[in-house]
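Input: a single structure, listed below in structure tokens.
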There are 2 protein chains.
Amino acid sequence: MGILERSHLEIIRAVSQHGSLTAAAEKLHLTQSALSHTVRKLEEQLGLPVWYREGRSLRPTQAGEYLLSVANRLLPQLVHTEERLKQFAQGERGSLRIGMECHPCYQWLLKIVSPYLAQWPDVDVDVKQKFQFGGIGALFGYEIDMLVTPDPLYKPGLTFEPVFDYEQVLVVGPQHPLRGVEYVLPKQLSGETLITYPVAIERLDIYTLFLIPAGAAPKRHKIIETTDIMLQMVASGRGVAALPRWLVEDQSAKFDVAPVKLGKRGLAKQIFLGFREVDADIDYLRAFVDLADTHRNKARLFLH
Amino acid sequence: MGILERSHLEIIRAVSQHGSLTAAAEKLHLTQSALSHTVRKLEEQLGLPVWYREGRSLRPTQAGEYLLSVANRLLPQLVHTEERLKQFAQGERGSLRIGMECHPCYQWLLKIVSPYLAQWPDVDVDVKQKFQFGGIGALFGYEIDMLVTPDPLYKPGLTFEPVFDYEQVLVVGPQHPLRGVEYVLPKQLSGETLITYPVAIERLDIYTLFLIPAGAAPKRHKIIETTDIMLQMVASGRGVAALPRWLVEDQSAKFDVAPVKLGKRGLAKQIFLGFREVDADIDYLRAFVDLADTHRNKARLFLH
DNA sequence: AACCATCAATTATTATTTTTCATGCAATAG
DNA sequence: CTATTGCATGAAAAATAATAATTGATGGTT
């Protein structure tokens, strides 16, 4: 019936990765001849070439590029299926692939993961950050099993549960004129350098919920990858940043920075844990959500 | 290396579909013996049973259920890949699988599809309605290539473009007391029977944007599948419905129904066309969006 | 209780597919 | 010009998969 076998996808991927049939053959533990045969047969059956033969090298045709994208999408899913079944057979529970869509949540996640690993010794936790389609796409595409995000999305097939409430605050350095004020208004940032993580402006709450509604903007916008460096920059007076209050207070021993409320009533935010509904009855997955929820309630006791 | 082959997924699916190895073998053009062999080998390699043998029948184990879900997800993608390549080889362009998330849009879609088919004779158009995960999940999962929906979703990996503006109105029959009034207020529906398509209340604009904000509700709620029957019911005084104005006006020759504005300012809605960003440069896909956009502008001329 | 039909598992055999080996040929580098 | 590298090919060998023919087990029917 079907033409495309797993091995074909495997070959297409290996050739693209190693550039030649010979090299790909080595990786696949086959001879070059065997590959050449299968490739010819595949192209014959498909009725079109997958590679242009240019001299002694191969360049993918349009069909080849397409097949490569299919291979890169499907093969990892097969591998993951096998891994999950292997773990199942060995009495282990499985693996939990967590995707992060929110930079500062990383610190929070660590606090959940360590008790979780203790409770579920047979579950591997794997934290990922880069996805082909962004967060929910990764969920739908089975690249991850759980998503940590500030933007929930109530759509059929996915469930989101709030697991963490926090206040987003402005972080300022020791000499900063705003240090110690009760709160800051959008226009007071128009002379400032704002430091953020490298994500689109639509995903930065300080823009969407604070500056843009008031028609304000900072003087400059600097991009920093990591929280530590960001705090260092702020501490040395190079700019201001927007981070969760708990994170700022956590780090205030290490860096000389202080939180300032954003607006008169502060900027309330929530973090959500999203997962596929079909997975809702996987016990070790459910347990992660529950554990996060427990922490949420604990945190609440401190709040008021 | 890998254990799971396409054929295994094919077998798992066929057995689940036909209930027995023998029946599955027939469908797969194999003998029962051949299947029994492969099945035993697969279970051996995985290290766990895929089916419980209960007397002479097979019942999937937990692992079997899981494999079945993987099969149902991956096999259609392989089939579609092959189809696309086949069409490619024959000089055809490909196929456009359109998912509909909005019942009354069907009529609109027909108006776009016929000129499209004329412009792109080598493209097959396939309209689907049922998805494993709902609309965007189907996009992410490559079940469809294009989604017609009233709820756009600006997420990395997906693009949504508005293609159709319309006004949602209440539809009433010939003897109805509301017929001819300038507009209707939410509370005026509290004695009515409301007829809707069979979708969740959260997806019905008349609830989310009209009744619920005002704390109102209809006396009864009836569910009808098709637009024609719905209009027939309304025309015979069995209830009222909420539909796009253009659709009501289109059908007013066929059914004795009239539109009534919802609220003082009317209920403005938009329909969006969503697709994967990675597909943005597929010409025949782009062309569909452009064509829909042309119709939008044409429609606008009539509006004011 | 005997009989029949259905189904999965075995076993031995046959058929098919895949891989290898031994080459040839073309392109490239030195 | 020669050595090298890489892909293609045909025939033989090896590995894999499918089949046919049975067996044993399980229900349902009379």
Side-chain angles (χ1 to χ4, degrees), chain A residues 1-61 63-65 67-68 71 75 78 82, chain B residues 1-61 63-65 67-68 71 75 78 82:
Chain A
M1 279 265 92
I3 305 172
L4 274 179
E5 292 296 323
R6 176 182 186 161
S7 60
H8 294 136
L9 299 181
E10 216 98 56
I11 290 167
I12 281 157
R13 190 208 234 167
V15 170
S16 132
Q17 218 170 98
H18 301 101
S20 81
L21 273 197
T22 317
E26 182 135 2
K27 283 289 163 189
L28 297 171
H29 307 294
L30 294 174
T31 57
Q32 174 271 321
S33 172
L35 264 207
S36 182
H37 280 293
T38 0
V39 158
R40 186 181 43 73
K41 206 176 292 179
L42 174 65
E43 293 184 320
E44 217 164 74
Q45 291 186 73
L46 290 179
L48 46 72
V50 177
W51 291 278
Y52 297 115
R53 322 295 148 114
E54 293 181 335
R56 59 184 172 186
S57 70
L58 300 181
R59 197 167 51 82
T61 61
E65 298 279 9
L67 277 170
L68 181 60
L75 287 177
L78 282 175
E82 284 174 357
Chain B
M1 276 264 97
I3 305 170
L4 274 180
E5 292 296 324
R6 176 183 185 160
S7 59
H8 295 136
L9 299 182
E10 217 95 58
I11 289 167
I12 282 158
R13 191 210 232 168
V15 170
S16 131
Q17 219 171 96
H18 301 102
S20 81
L21 276 196
T22 317
E26 182 135 1
K27 284 286 162 189
L28 296 171
H29 306 294
L30 290 173
T31 57
Q32 174 272 321
S33 169
L35 268 205
S36 182
H37 278 295
T38 7
V39 157
R40 187 182 41 74
K41 209 177 285 176
L42 174 65
E43 293 184 319
E44 217 163 72
Q45 291 186 85
L46 289 177
L48 44 72
V50 177
W51 291 277
Y52 297 113
R53 321 297 149 113
E54 294 181 333
R56 56 183 173 184
S57 72
L58 300 181
R59 196 166 51 83
T61 62
E65 297 280 9
L67 277 170
L68 180 59
L75 287 177
L78 281 175
E82 284 173 358

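Per chain, numbering begins at 1; letters A, B, ... match sequence-line order.
The side chain of Lys41(B) places no N or O atom within less than 4.0 Å of a non-bridging phosphate oxygen (OP1 or OP2) of dT16(D).
When all heavy atoms of Ser20(B) and Ala23(B) are compared, the pair lying nearest together is OG-N, 3.0 Å. The minimum heavy-atom distance linking Ala24(A) with His18(A) is given by the pair N-CB, 4.2 Å. Residues Trp51(B) and Thr61(B) share a closest heavy-atom pair of C-CG2, 3.7 Å. When all heavy atoms are compared, the tightest approach of Pro49(B) to Ala63(B) is O-CB, 4.1 Å.
Applying the salt bridge (Lys or Arg N to Asp or Glu O under 4.0 Å) test to Arg13(A) and every residue at least two apart in sequence or in another chain returns nothing. A search for side-chain hydrogen bond (donor to acceptor under 3.5 Å, both in side chains) contacts involving Arg53(B) returns Glu43(B), not counting sequence neighbours. Ser16(A) pairs by the side-chain contact (heavy atoms from CB on, under 4.5 Å) definition with Leu68(A), not counting sequence neighbours. By the side-chain contact (heavy atoms from CB on, under 4.5 Å) test, Ser7(A) pairs with Glu5(A), sequence neighbours left out.
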Pull out every protein N or O sitting under 3.5 Å from an N or O of nucleotides 9-13 of chain D, one pair per line with the distance.
residue : atom : partner  : partner atom : Å
dT9(D)  : O4   : Ser33(A) : OG           : 3.0
dG10(D) : O6   : His37(A) : NE2          : 3.0

Between the protein and nucleotides 25-29 of chain D, list the N/O to N/O atom pairs that are separated by less than 3.5 angstrom.
residue : atom : partner  : partner atom : Å
dT26(D) : O2   : Arg56(B) : NH1          : 2.9

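With rounding to the nearest 0.5 Å, the separation of CG in Leu30(B) from OG1 in Thr22(B) is 12.5 Å. For the atom pair CD of Glu10(B) and CG of Leu28(B), the computed distance is 7.0 Å after rounding to the nearest 0.5 Å.
The closest side-chain heavy-atom distance from Leu67(B) to Leu46(B) is below 4.5 Å. Looking only at side-chain heavy atoms (C-beta outward), Val15(A) and Leu58(A) come within less than 4.5 Å of each other.
Overall, the helix from dA1(C)-dT30(D) to dG30(C)-dC1(D) carries an axis bend of 30° between its ends, with five pairs at each end and the value rounded to 10°.
Among residues at least two apart or in separate chains, salt bridge (charged side-chain N to carboxylate O under 4.0 Å, His left out) pairs with a member in residues 20-40 of chain A are Arg40(A)-Glu44(A).
Close approach of DNA chain C to chain A, defined as any atom under 4.0 Å from a non-hydrogen atom of the protein, starts and stops at dT18(C) to dT28(C).
One can place CD of Glu44(A) at 13 Å from P of dA8(D), the figure rounded to the nearest angstrom. Distance CD (Glu5(B)) to C1' (dA17(D)): 13 Å, rounded to an integer number of Å.
With hydrogens and angles ignored, the 3.5 Å screen pairs a side-chain donor or acceptor of Glu82(A) with a backbone N or O of Leu4(B).
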Enumerate donor-acceptor pairs with a distance under 3.5 Å from any side-chain N or O in residues 31-39 of chain A to protein atoms, sequence neighbours excluded.
residue  : atom : partner  : partner atom : Å
Thr31(A) : OG1  : Ala34(A) : N            : 3.2
Thr38(A) : OG1  : Ala34(A) : O            : 2.6
Thr38(A) : OG1  : Leu35(A) : O            : 3.2

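Comparing Leu21(A) and Ala34(B) against DNA chain D, the residue whose closest nucleotide sits nearer the 5' end is Leu21(A).
A heavy atom lying under 4.0 Å from DNA chain D marks the following residues of residues 22-31 of chain A, by number: Thr22(A).
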